[in-house]
Amino acid sequence: MTDSAEKFTRQTLMDVQPLTSHLFTLRTTRDRGFRFRAGQFARLGVAKADGNTVWRAYSMVSSPFDEFLEFFSIVVPDGEFTSELSRLKPDDSLLVDRQAFGYLTLDRFVDGRDLWLLSTGTGVAPFLSILQDFEVWERFERITLVYSVREAKELAYQALIDGLGQRDYLAEHAHKFRFIATVTREQHPGALNGRITTLLENGELERAAGVTLTPEHSRVMLCGNPQMIDDTRKLLKARGLQLSLSRRPGQVAVENYW
Ligand SMILES: Cc1cc2nc3c(=O)[nH]c(=O)nc-3n(C[C@H](O)[C@H](O)[C@H](O)COP(=O)(O)OP(=O)(O)OC[C@H]3O[C@@H](n4cnc5c(N)ncnc54)[C@H](O)[C@@H]3O)c2cc1C
Ligand SMILES: NC(=O)c1ccc[n+]([C@@H]2O[C@H](COP(=O)([O-])OP(=O)(O)OC[C@H]3O[C@@H](n4cnc5c(N)ncnc54)[C@H](OP(=O)(O)O)[C@@H]3O)[C@@H](O)[C@H]2O)c1
């Protein structure tokens with residue numbers, strides 16, 4: 001991407017919080033002109049030692065109404081972008097493309113009653129933005145967030161998730177929400193133990209949510225690991241849930257992170 005002054009703004013890091021050795025959250029200032037829909041992503045740029053800028057897509061965790069931007073990042077060993085990003089400290093600058101992108105947004109669905117948000121790892125990010133926006137609570141009767149990680153210490157934003165129902169503007173809808181964590185490589189109290197795909201196949205996910213997946217009522221968003229997305233899409237297709245396209249509205253919307 002060209003480093004054109006027209007295309008990006010320079011924002012300041014306000015806060016960086018490590019979660020584990022390979023996961024961290026960061027908050028930056030937000031340009032007043034930067035607009036996005038909950039579920040979209042921005043392209044972030046960091047300067048490398050050789051003077052070039054490296055760009056990567058990052059979903060916003062924060063809501064479109066927050067004055068700041070929040071992101072949740074992996075650190076890929078020797079990753080071109082995350083090696084640089086993870087070195088940044090408060091007051092350092094981060095480039096943010098002026099335009100937001102992406103179709104993992106609620107307008108992918110024309111109808112639906114029960115919303116499923118299925119994520120692995122940092123793929124939870126766009127769902128946290130969607131859940132902090134009012135629209136989802138008005139549109140859906142039941143909302144299930146599923147968050148799959150290898151180890152329990154990788155479960156980020158637990159206070160934010162637990163606190164959604166206490167927010168003034170969401171309190172009347174809090175009964176609609178079910179959060180299901182699944183931890184795949186250890187047992188953890190309060191979490192399921194198994195991949196999203198396994199839990200779908202054996203019915204455990206629907207039992208835990210108290211909701212049955214049906215093409216008529218369910219709308220499903222998938223985000224994170226591309227193999228999880230492929231495998232889950234196949235399972236959903238077998239149940240009659242299809243990818244939602246502009247020419248053919250359906251029940252499933254996806255975002256692959258790599
Ligand atoms: C639309 C979109 C939104 C994204 N949003 C986020 C986000 O909110 N947070 C985030 O951390 N990343 C996100 N990513 C991934 C991000 O763009 C980069 O791939 C990531 O920052 C790693 O960059 P890198 O140059 O260090 O490694 P890369 O060379 O980009 O990736 C190297 C390898 O690391 C693994 N990898 C990359 N990203 C992840 C990840 N997020 N979780 C687990 N393994 C990964 C894959 O195996 C990949 O092949 C998103 C990607 C897309 C396409
Ligand atoms: N340095 C460290 O300490 C450390 C620690 C953890 C990860 N990492 C590295 O970070 C990278 C990303 O790891 P991550 O844990 O964030 O992402 P991930 O490998 O995508 O795993 C996240 C969750 O997705 C599940 N999953 C993976 N493939 C799936 C599929 N096909 N269907 C359904 N579920 C699936 C995983 O289950 P499973 O557990 O069953 O795979 C896990 O619960 C990896 O390259 C890893 O090596 C490093």
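- The environment of Asp168 atom CG is sparse: at most 12 non-hydrogen atoms of other residues, nucleotides or ligands sit within 6.0 angstrom.
- Environment of CZ in Arg113: crowded, with over 12 heavy atoms of neighbouring residues, nucleotides or ligands closer than 6.0 Å.
- Cluster annotation: Phe179 and Ile143 are assigned to the same hydrophobic cluster (Ile/Leu/Val/Met/Phe/Trp/Tyr, side-chain heavy-atom contacts under 4.5 Å, transitive).
- In this structure, the side chain of Ser119 engages the main chain of Val146 through a donor-acceptor pair within 3.5 Å.
- Note on ring orientation: taking the six-membered ring where Trp is involved, the planes of Tyr169 and Phe134 are tilted (angle from 30° to 60°).
- Residues Ala208 and Ile180 share a closest heavy-atom pair of CB-CD1, 3.7 Å.
- Linking ILVMFWY side-chain heavy atoms closer than 4.5 Å, directly or via other members, places Leu245 and Phe109 in two distinct hydrophobic clusters.
- Rounding to the nearest 0.5 Å gives a distance of 13.5 Å between CZ of Arg150 and OG1 of Thr182.
- Remark: the backbone N or O of Arg108 is paired with a side-chain donor or acceptor of Ser244 at under 3.5 angstrom.
- At least one donor-acceptor pair closer than 3.5 Å links the side chain of Arg35 to the backbone N or O of Arg32.
- Under the 4.5 Å side-chain criterion, counting only non-hydrogen atoms from C-beta, Lys7 is not in contact with Arg98.
- Put simply, the side chain of Gln132 reaches to within 4.5 Å of the side chain of Asp66, judged on heavy atoms.
- To the nearest 0.5 angstrom, Asp31 atom CG is 12.5 Å from Arg10 atom CZ.
- Heavy atoms only, all atoms of each residue included: Val75 and Leu23 are closest at CG2-N, 4.4 Å.
- With hydrophobic clusters built from ILVMFWY side chains whose heavy atoms lie under 4.5 angstrom apart, Val220 does not share a cluster with Phe127.
- Between the side chains of His188 and Glu151, no donor N or O sits under 3.5 Å from an acceptor N or O.
- Between the side chains of Thr120 and Tyr257, no donor-acceptor pair is found at a separation under 3.5 Å.
- The hydrophobic cluster containing Leu115 also contains Ile161, counting ILVMFWY residues as joined when their side-chain heavy atoms lie under 4.5 angstrom apart, directly or transitively.
- To the nearest 0.5 angstrom, Leu117 atom CG is 9.5 Å from Leu222 atom CG.
- When every heavy atom of Ala100 is checked against every heavy atom of Met60, the shortest pair comes out as CB-CE, 4.4 Å.
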Residues 230-239, side-chain donor-acceptor partners within the protein, below 3.5 Å, at least two apart:
{"residue": "Asp231", "atom": "OD1", "partner": "Gln227", "partner atom": "NE2", "Å": "3.0"}
{"residue": "Thr232", "atom": "OG1", "partner": "Met228", "partner atom": "O", "Å": "2.6"}
{"residue": "Arg239", "atom": "NH1", "partner": "Glu206", "partner atom": "OE1", "Å": "3.3"}
{"residue": "Arg239", "atom": "NH2", "partner": "Glu206", "partner atom": "OE2", "Å": "2.7"}
{"residue": "Arg239", "atom": "NH2", "partner": "Leu213", "partner atom": "O", "Å": "3.3"}

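- Under the salt bridge (Lys or Arg N to Asp or Glu O under 4.0 Å) criterion, Asp162 pairs with no residue, sequence neighbours left out.
- In summary, of the residues considered (Phe41, Phe72, Phe81), a ring-ring contact (aromatic ring centres under 6.0 Å, His included) with Tyr58 occurs for Phe81 alone.
- The closest donor-acceptor contact from the side chain of Gln40 to the backbone of Gly102 lies under 3.5 Å.
- Dense packing is recorded around CZ of Arg248, with more than 12 heavy atoms of other residues, nucleotides or ligands lying under 6.0 Å away.
- Not a single donor-acceptor pair under 3.5 Å links the side chain of Asp114 to the backbone N or O of Glu141.
- Counting heavy-atom neighbours within 6.0 Å of Glu138 CD, excluding the residue itself, gives a total above 12.
- Tyr147 has its side chain out of reach of Tyr157: every pair of non-hydrogen atoms, C-beta onward, lies at least 4.5 Å apart.
- Side-chain contact check for Glu255 versus Met221: every heavy-atom pair is 4.5 Å or farther apart.
- Listed for the Asp15 side chain is no donor-acceptor partner under 3.5 Å among the backbone atoms of Leu26.
- Here the CG-CG distance, from Leu44 to Leu94, works out to 5.0 Å after rounding to the nearest 0.5 Å.
- Through direct or relayed side-chain contacts under 4.5 Å between Ile, Leu, Val, Met, Phe, Trp and Tyr, Tyr103 connects to no other residue.
- A salt bridge links Arg87 with Glu84: the closest approach of a Lys/Arg side-chain nitrogen to an acidic carboxylate oxygen falls below 4.0 angstrom.
- The shortest side-chain heavy-atom distance between Leu145 and Val124 falls under the 4.5 Å cut-off.
- In terms of modelled atom types and a separation under 3.5 Å, the side chain of Ser86 and the main chain of Ser83 share a donor-acceptor contact.
- Heavy atoms of other residues, nucleotides or ligands lying less than 6.0 angstrom from CG of Asp78 number 12 at most.
- For the pair Thr122 (side chain) and Ile74 (backbone), a donor-acceptor distance under 3.5 Å is absent.
- A side-chain contact (heavy atoms from CB on, under 4.5 Å) with Leu131 is found for exactly one of Leu160, Leu164, Leu170, namely Leu164.
- Checked by atom type and distance alone, the side chain of Ser93 never pairs as donor or acceptor with a backbone atom of Gln11 at under 3.5 Å.
- Atom OG1 of Thr53 sits about 9.0 Å away from atom NZ of Lys48, to the nearest 0.5 Å.
- Leu19 and Glu154 make their closest contact through CD2-O, 3.7 Å (heavy atoms, listed as atom of the first residue, atom of the second, distance).
- Under the ring-ring contact (aromatic ring centres under 6.0 Å, His included) criterion, Phe34 pairs with Phe36, sequence neighbours left out.
- By the side chain to side chain donor-acceptor pair (under 3.5 Å) test, Asp91 is found to be paired with no residue, residues two or more places apart in sequence or in another chain being considered.
- In this structure, OG1 on Thr105 lies 7.5 Å from CD1 on Ile130, to the nearest 0.5 angstrom.
- Linking ILVMFWY residues whenever their side-chain heavy atoms come closer than 4.5 Å, directly or via other members, leaves Leu128 and Phe24 in distinct clusters.
- Proximity of a side-chain donor or acceptor of Ser63 to a complementary backbone N or O of Ser129 within less than 3.5 Å is not detected.
- Two residues are said to be in side-chain contact when any heavy atoms from C-beta on lie closer than 4.5 Å; Gln251 and Gln242 meet this criterion.
- Scanning for ring-ring contact (aromatic ring centres under 6.0 Å, His included) contacts around Phe140 gives an empty result, with sequence neighbours left out.
- Taking 4.5 Å as the limit, every side-chain heavy atom of Leu88 sits out of range of all side-chain heavy atoms of Val16.
- Leu85 is not listed as a side-chain neighbour of Phe71, based on a closest heavy-atom distance of 4.5 Å or more.
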message = Before you tell me yes or no, could you show the steps for Val96 and Leu69 under side-chain contact (heavy atoms from CB on, under 4.5 Å), namely the whole-Å CA-CA distance, both residues' side-chain angles and the distance that decides it to 0.1 Å?
response = CA-CA 10 Å; Val96 181; Leu69 296 175; 4.2 Å; yes
